[in-house]
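If you read the sequence from its start, that first residue is 1, and numbering goes on from there. Read the numbers this way: they start at 1 and go in the same order the structure lists the ligands and their atoms.
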Amino acid sequence: MADKKARLTVDGLEGEIELPVYSGTEGPDVIDVRPLTGQGLFTYDPGFVSTAACESKLTYIDGGKGILLHGGYPIEQLANHSDYLEVCYLLLNGELPTPEEKEEFVNIVSNHTMVHEQMSHFFNGFRRDAHPMAIMVACVGALSAFYHDSLDINDAHHREVCAYRLIAKMPTLAAMCYKYSIGQPFMYPRNELSYAENFLHMMFATPCGEYKVSPTLARAMDKIFVLHADHEQNASTSTVRLAGSSGANPFACIAAGIAALWGPAHGGANEAVLVMLEEIGDEANIPEFIERAKDPNDPFRLMGFGHRVYRNFDPRAKVMKQTCDEVLAELGIENDPLLKIAKRLEQIALEDDYFVERKLYPNVDFYSGIILKAIGIPTSMFTVIFALSRTIGWISHWNEFHSSPNKIGRPRQLYTGPKFRDYPSK
Ligand code: CMC
């Protein structure tokens, strides 16, 4: 399998250590450093900046060129010509479905949308002002208490059923979080609706009247789901893989992913962007915030800017910006003040040496909040929407991990604490 070899010399060690080098279908070659352990050496890479932690066939990113592919298909084409459930099928199966396979898949997912009725009682244990991500972490982990019939992680069919359940139930739980926070009754899913329409129905319908889902909003919602579906080995996906490597059940693993996503450096950024735009408040205040972002002594960062992998533009942000313009135009929201601030901020930042030199561009979260706000979704729900969309990525990676021989994830460390010492005698 090794096409090439790397040779390493280390001061104090005789001779060369030969390391296999592997090539993927795209992207940089990887050096297999496992032989180093036998030589009493570890590699050191805090933040996994240069470490390929696994082999994967699902998603490819070229950060330099701003390319994102799922199953080889570019994200722009998927966002404009596919839909979320088709992308789910692609991530789970590696190929786009035929029309018959698509119909069957949509049917199966639609038939798993209800959650066990007991789940609704859990919500009463939370304060009404609880952050919905706190509720999601708890409720998704708790799903493992309900579906004992599909928890054998070594059974491919069980893994498949878990994937269907998770894709289907995330919108239901997400909408329940919102309804609980505003004191409205939970709305049951409607299986004749599309995935995005059903989510909007559960969010905004009430038992008191008819609610017609706007096709414009459903399309925008579906695009947001597609754009967040997967992003290879990011912090939350790596968390899911690591949790899964111990043999933990899939619902617990996805709950771990939700927890990792919550932080503002990751999925929490979409909420943080809107909070930041509201705090800026006026175009005149932008320079002050730009200066703060550049000040090394100020922890403030421009939320929605920068990415570990994208050192050119984030291709998802391009589609998101275009969608944002379309949605606001279709909704007749002319001159949205936050959009104006966002566009000006982007323009100023992209011309500023600090951002140019560090290759800091708007990421997927920069414009998504403005669309979500226009749809009527409250800020605190933004990261929940990200979690809902990313569930397919998490479960596909988890399934991929368990579909081939694997090992528990166990990083090593560079220890810099006290050396061996005896406990003081008393
Ligand atoms: N505003 C100001 N400065 C920044 C920013 C920012 N948003 N992002 C990075 N920098 C600076 C950083 O201070 C550092 O400067 P210096 O070299 O002078 O020390 C340099 O750019 C490199 O940054 P880094 O922290 O080493 O980069 P990283 O790859 O570790 O972090 C990041 C990536 C996304 C965590 C970071 O850019 C960030 O915090 N961005 C804001 C939060 C955000 O929008 N997150 C969403 C990411 S996309 C959605 C997702 O997939 O989760």
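Scanning the protein heavy atoms around atom 47 (C) of ligand 1, the nearest turns out to be Asn363 ND2, 3.6 Å. Shortest contact from atom 34 (C) of ligand 1 to any protein heavy atom: Gly306 O, 3.7 Å. With respect to atom 15 (O) of ligand 1, the closest heavy atom belonging to the protein is Arg358 NE, 3.2 Å. Taking atom 49 (C) of ligand 1 as the reference point, the nearest protein heavy-atom neighbour is Asp365 OD2, 3.2 Å. Here the heavy atom of the protein found nearest to atom 50 (C) of ligand 1 is His266 ND1, 3.6 Å. Protein heavy atom closest to atom 28 (P) of ligand 1, with residue, atom name and distance, is Arg308 NE, 3.7 Å. In terms of protein heavy-atom proximity, atom 1 (N) of ligand 1 is nearest to Leu302 N, 3.1 Å. The protein heavy-atom contact nearest to atom 45 (N) of ligand 1 is Ala265 O, 3.0 Å.
Under a 4.0 Å heavy-atom criterion, Ser236 is not in contact with ligand 1.
Residues Glu346 and Tyr367 bring a donor and an acceptor atom of their side chains to less than 3.5 Å of each other.
Under the 4.0 Å criterion applied to side-chain N and carboxylate O atoms, Lys294 and Glu291 are assigned as salt-bridge partners. Using a 4.0 Å cut-off between a side-chain N of Lys or Arg and a carboxylate O of Asp or Glu, Asp83 and Lys102 qualify as a salt bridge. Ion pairing between a basic and an acidic side chain is recognised when a charged N comes within 4.0 Å of a carboxylate O; Arg219 and Glu330 show such pairing.
Remark: among candidates His307, Met303, Glu357, the nearest residue to atom 42 (C) of ligand 1 is Met303, based on non-hydrogen atoms. Checking Ala349, Ala269, Ala293 against atom 43 (C) of ligand 1, the nearest heavy atom belongs to Ala269.
Contacts between Ala272 and ligand 1 below 4.0 angstrom, taking non-hydrogen atoms only, are absent altogether. With a heavy-atom cut-off of 4.0 Å, Arg301 touches ligand 1 through backbone and side chain alike. Neither the backbone nor the side chain of Asn234 has any atom closer than 4.0 Å to an atom of ligand 1 (non-hydrogen atoms only). Counting heavy atoms under 4.0 Å from ligand 1, residue Arg311 touches it through the side chain alone. With a 4.0 Å heavy-atom cut-off, ligand 1 is reached by the side chain of Tyr354 but not by its N, CA, C or O.
Checking only distances, Leu360 never comes within under 3.5 Å of ligand 1, N or O to N or O. For the pair Gly304 and ligand 1, the shortest N or O to N or O distance falls below 3.5 Å.
For atom 22 (C) of ligand 1, the protein comes within 4.0 Å by no heavy atom at all.
Under the 30°/60° scheme for interplanar angles, the aromatic rings of His131 and Trp262 are found to be tilted. Ring geometry for His266 versus Phe386: interplanar angle over 60°, hence perpendicular rather than tilted (30 to 60°). Relative ring orientation between His231 and Tyr310 is described as tilted, the plane-to-plane angle lying within the 30° to 60° band. Using cut-offs of 30° and 60° for the angle between ring planes, the Tyr195 and Phe225 rings count as perpendicular. Ring orientation note: the planes of Phe355 and Phe305 are nearly perpendicular, at an angle over 60° on the 30°/60° scale.
Near Gly267, meaning under 4.0 Å from any of its heavy atoms, are these atoms of ligand 1: 52 (O).
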Using the side chain to side chain donor-acceptor pair (under 3.5 Å) rule, take Asn191 and Thr113 through it: C-alpha gap first, then chi angles, then the decisive distance, then the call.
-> CA-CA 8 Å; Asn191 293 351; Thr113 48; 2.8 Å; yes

Take Phe123 and Phe186, measure what ring-ring contact (aromatic ring centres under 6.0 Å, His included) needs, and give me the verdict at the end.
-> CA-CA 11 Å; Phe123 283 79; Phe186 300 138; 5.1 Å; yes

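You'll find the side chain of Trp398 reaches within 4.5 Å of the side chain of Ile153, heavy atoms only.
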